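Notes to accompany the following structure.
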There are 2 protein chains.
Amino acid sequence: MSDLLERLRGRGWRLTAQRRVVAEVLDGDHVHYTADEVHARASERLPEISRATVYNTLGELVSLGEILEVSTDGRAKRYDPNAHHDHHHLVCSRCGTIRDVHPAGNPLSDLPVVERFGFTVTGVEVTYRGTCPSCTDV
Amino acid sequence: MSDLLERLRGRGWRLTAQRRVVAEVLDGDHVHYTADEVHARASERLPEISRATVYNTLGELVSLGEILEVSTDGRAKRYDPNAHHDHHHLVCSRCGTIRDVHPAGNPLSDLPVVERFGFTVTGVEVTYRGTCPSCTDV
DNA sequence: TCCTACATCGGACTTTGTCTAAGTCAAGAA
DNA sequence: TTCTTGACTTAGACAAAGTCCGATGTAGGA
């Protein structure tokens, strides 16, 4: 992920302590934090960091295509650093846990032209819902 | 949709003017209103209806499986009365318009067991994203 | 008609996110 | 190294969407 910082600098980003910390929090796969969780974790390393900066930085990373925004429940959006590998999501309806999954097939080609209503279709998200093992056992 | 009211009464629902109006607003297919839009339309017929009641009623209809909750953008949830026919959604990234679509194939069977991580998978939503004809022309 | 459990009301509150004005600082220039 | 400047950050006000609560109203059975 450290080359993420280099890539961003190459695009004219100013490399500040705040941005570095946000990027570090998102480092690692299979992590789907809300903006608040990112802020909490960033604050551990940089206590003065403000919410506005976290929101700004996340928004910029999304525009740059470095992370994905995922809104699975109409509550807080989650941020997915695994933006460079095609995948979809499996969400626990009880606790909200998210796993990355890789279904077979290509849903984009499953949408016939007559079902596109003149839209220019650019992407597709598949969200599986269910109950995770810990929530099932309860 | 009038038999919806009968069905609900059969389940012990008290039939109030407010609930009747909310159900009537959602009548008709291919409608995806936000809670606020439902409230605005319900208010035209029943000016005293409160937001809390609209939220309560929508929540109950969702629990009863009579309508679907759709959150495509992390902003206001939308409510889809077309709950009894399998379908997915095509969303315009610019104006938020939603169309019901019916892709080929069954995404549920596309998720291999090893990709289920012990979850009990109960459903799947496919959201196509793109630009609708009016927004493309601009 | 009367009763009462269930529904509704309005408004306060919470959560999530955006905006702004003032202050700060990264990085190139000298 | 120090200076300069415009991009970045901050705290807090604000906004949108949704939830909660005590008081009041009413649908539907007795």
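None of the values given here were measured: they were computed from a predicted structure. All chains are named by letter (A, B, ...) in the order of the sequence lines, taking the proteins before the strands, and each is independently numbered beginning at 1.
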Whole-Å distance between [N] [atom2] and [X] [atom1]?
X	N	atom1	atom2	value
B:E6	D:dG28	CD	P	10 Å
B:H39	D:dG18	NE2	P	13 Å
A:Y55	D:dG12	OH	P	17 Å
B:N56	C:dG11	CG	C1'	15 Å
B:L5	D:dG28	CG	P	11 Å
B:E60	C:dC6	CD	P	13 Å
B:L46	C:dA7	CG	P	17 Å
A:E37	C:dT15	CD	P	14 Å

Would you say [N] has OP1 or OP2 under 4.0 Å from some side-chain N or O of [X]?
X	N	result
B:R19	C:dT8	yes
B:Q18	C:dC9	yes
B:T16	C:dA7	no
A:R51	D:dA11	no

From the list [options], which nucleotide is the closest neighbour of the side chain of [X]?
X	options	value
A:T53	D:dT10, C:dT8, D:dA17	D:dT10
B:K77	D:dA7, D:dG18, C:dA7	D:dG18
B:L15	D:dT10, D:dA16, D:dG28	D:dG28
B:R14	C:dA7, D:dA17, C:dG11	C:dA7

Heavy atoms under 4.0 Å, any strand shown: does B:A52 hit a base, just sugar-phosphate, or nothing?
base

Students often get this wrong, so: under 4.0 angstrom with heavy atoms, is A:R9 touching a base, only sugar-phosphate, or nothing?
sugar-phosphate

Using a 3.5 Å distance criterion without hydrogens, assess whether the side chain of A:E115 forms a donor-acceptor pair with backbone atoms of A:P112.
no

Would you check if the side chain of A:T53 reaches a backbone N or O of A:I49 as a donor-acceptor pair within less than 3.5 Å?
no

Could you check, using the six-membered ring where one of them is a Trp, whether B:H85 and B:H102 have ring centers closer than 6.0 angstrom?
no

Assign each of B:W13 and B:R75 to its nearest nucleotide of DNA chain D by heavy atoms, then name whichever residue's nucleotide is nearer the 5' end.
B:R75

Run the side chain to side chain contact (heavy atoms under 4.5 Å, CB included) test on A:V121 and B:T131 for me, step by step, so that the C-alpha distance in whole Å, both residues' side-chain angles and the decisive distance to 0.1 Å come before the verdict.
CA-CA 7 Å; A:V121 179; B:T131 316; over 6 Å; no

Salt-bridged, B:R11 to B:E60, with N to O below 4.0 Å?
no

